[in-house]
Amino acid sequence: MFSILVVTVFLASCLAMPIKDPYSYSSAVGQGGGTPFASYGEGRITAVRVWETNNNYYYYYYYYNSNAYISGFQLRYGSTWSPVFGGEGGEKQEMELFNDEAIVEVSGKYNPADYICYLVLTTNMGRTLSAGQPSQVSFNFYPVNVGNELRLLSGRFNGAGITSIGAHWGLVYMEGAGNSTLETALETVTPII
């Protein structure tokens with residue numbers, strides 16, 4: 001009888017504990033002029049494309065980068081590509097993610113007067129996609145909660161490029177897909193008998 005009382009009190013206390021919010025937001029950086037955007041799609045991000053514009057020039061034998069920036073990007077959710085946010089001008093960098101691979105860090109540099117200059121997307125497997133030129137002010141976004149991954153990017157863009165960017169983090173539940181982080185975690189839990 002006493003053990004039933006202890007178990008009941010324990011379960012009641014578990015229900016009374018606040019549930020931690022599984023989502024977090026990394027506030028946008030950049031000057032933020034232009035049209036707002038927020039990427040969207042169902043399921044996990046499976047690939048990413050980033051376009052970079054590098055207006056490079058040479059003066060005698062010296063190399064100068066007068067204005068390098070991220071002109072646009074696109075995310076693939078499952079097998080469906082989102083619209084291109086910004087433009088497709090310049091050189092394209094692309095990375096396809098493996099099963100159970102997720103973007104867990106977004107970092108780079110931005111010019112407070114105009115564009116996002118440099119963008120680095122890092123996965124939980126240590127792979128990175130980088131585009132642009134590493135100059136100006138640094139930023140580094142990552143999820144607050146363990147196990148979260150990049151769900152969407154938001155910010156603003158104008159006719160030339162991305163003027164601000166922020167990251168939204170959360171859990172992805174992949175019912176029946178066989179590659180869910182939650183499924184893997186539940187499989188490793190030993191039942192108490």
Side-chain angles (χ1 to χ4, degrees), residues 20-30 37-54 68-86 88 90-110 116-155 157 161-162 164-190:
K20 194 174 196 180
D21 186 9
Y23 302 100
S24 60
Y25 171 63
S26 300
S27 297
V29 297
F37 70 83
S39 64
Y40 55 88
E42 292 197 28
R44 172 172 273 162
I45 295 171
T46 58
V48 62
R49 294 176 178 149
V50 180
W51 286 268
E52 62 179 293
T53 299
N54 292 312
Y69 56 91
I70 304 302
S71 50
F73 74 91
Q74 185 177 33
L75 301 175
R76 188 177 74 194
Y77 291 88
S79 59
T80 306
W81 284 101
S82 71
V84 174
F85 300 102
E88 297 178 45
E91 193 169 322
K92 178 175 72 172
Q93 305 290 331
E94 185 170 349
M95 179 171 67
E96 189 162 332
L97 279 61
F98 300 122
N99 285 342
D100 285 331
E101 187 174 26
I103 298 169
V104 295
E105 183 179 2
V106 178
S107 58
K109 305 233 180 213
Y110 69 99
I116 304 300
C117 304
Y118 184 56
L119 190 62
V120 179
L121 303 169
T122 305
T123 74
N124 58 345
M125 294 184 179
R127 296 193 314 138
T128 61
L129 176 140
S130 62
Q133 294 297 318
S135 62
Q136 300 294 331
V137 181
S138 297
F139 67 90
N140 190 16
F141 301 150
Y142 50 87
V144 171
N145 303 307
V146 175
N148 283 11
E149 62 189 75
L150 183 67
R151 296 298 299 127
L152 65 99
L153 292 171
S154 63
F157 67 91
I162 305 296
S164 72
I165 195 164
H168 302 253
W169 309 95
L171 298 173
V172 177
Y173 300 103
M174 305 288 288
E175 292 182 22
N179 65 350
S180 170
T181 306
L182 180 60
E183 270 182 17
T184 305
L186 291 175
E187 289 171 2
T188 60
V189 174
T190 307

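The figures that follow rest on heavy atoms only: side chains count, while hydrogens, waters and symmetry mates do not. Count residues from 1 along the sequence.
Taking CZ of Phe139 as the reference point, atom OG of Ser27 lies at 12.5 Å (rounded to 0.5 Å). Note: Asp100 CG to Arg44 CZ = 6.0 Å, rounded to the nearest 0.5 Å. In this structure, CG in Leu153 is found 7.5 Å from CD1 in Ile103, a value given to the nearest 0.5 Å. Ile70 CD1 to Gln133 CD: the interatomic distance, rounded to the nearest 0.5 Å, is 9.5 Å.
Side chain of Asn124 to backbone of Gly147: no donor-acceptor contact under 3.5 angstrom is found. Side-chain atoms of Arg151 come within 3.5 Å of backbone atoms of Gly43 as a donor-acceptor pair (strictly under, hydrogens ignored). Under a 3.5 Å cut-off, the side chain of Ser82 and the backbone N or O of Gln74 do not form any donor-acceptor pair.
Residues Lys92 and Trp51 have side chains in contact (heavy-atom distance under 4.5 Å, counting atoms from C-beta outward). You'll find the side chain of Leu171 stays beyond 4.5 Å of the side chain of Asn145, heavy atoms only. You'll find the side chain of Leu119 stays beyond 4.5 Å of the side chain of Tyr110, heavy atoms only. In this structure the side chain of Ile165 reaches within 4.5 angstrom of the side chain of Val29, judged on heavy atoms. Using a 4.5 Å heavy-atom cutoff, the side chains of Tyr23 and Asn148 are not in contact. Residues Tyr69 and Ile116 have side chains not in contact (no heavy-atom distance under 4.5 Å, counting atoms from C-beta outward).
A donor-acceptor pair shorter than 3.5 Å can be found between the side chains of Ser39 and Tyr77.
Considering every non-hydrogen atom in both Leu129 and Glu94, the closest pair reads CD1-C, 3.5 Å. Shown here for Gly166 and Phe141, the closest heavy-atom pair between the two residues is CA-CE1, 3.9 Å. Residue Ala131 comes nearest to Tyr118 through the heavy atom pair O-CD1, 3.2 Å, listed as atom of the first residue, atom of the second, then distance. The two atoms that bring Glu52 and Asn54 nearest to each other are OE1-ND2, 2.8 Å, heavy atoms only. Here the closest non-hydrogen pair linking Cys117 and Ser135 is CB-O, 3.8 Å. Nearest heavy atom pair, residue Gln93 against residue Ser130, reads CG-O, 3.8 Å.
Ring geometry for His168 against Tyr25 counts as tilted: the plane angle lies between 30° and 60°, on a 0 to 90° scale. Between Phe73 and Phe37, the angle of the ring planes goes over 60°, which puts this pair in the perpendicular group of the 30/60° scheme.
Between Arg49 and Glu88, none of the side-chain N atoms (NZ, or NE/NH1/NH2) sits under 4.0 Å from a carboxylate O, so this pair counts as no salt bridge.
Residue Glu101 is tested with Ile45, Thr46, Thr123 for a side chain to side chain contact (heavy atoms under 4.5 Å, CB included); the sole match is Thr123.
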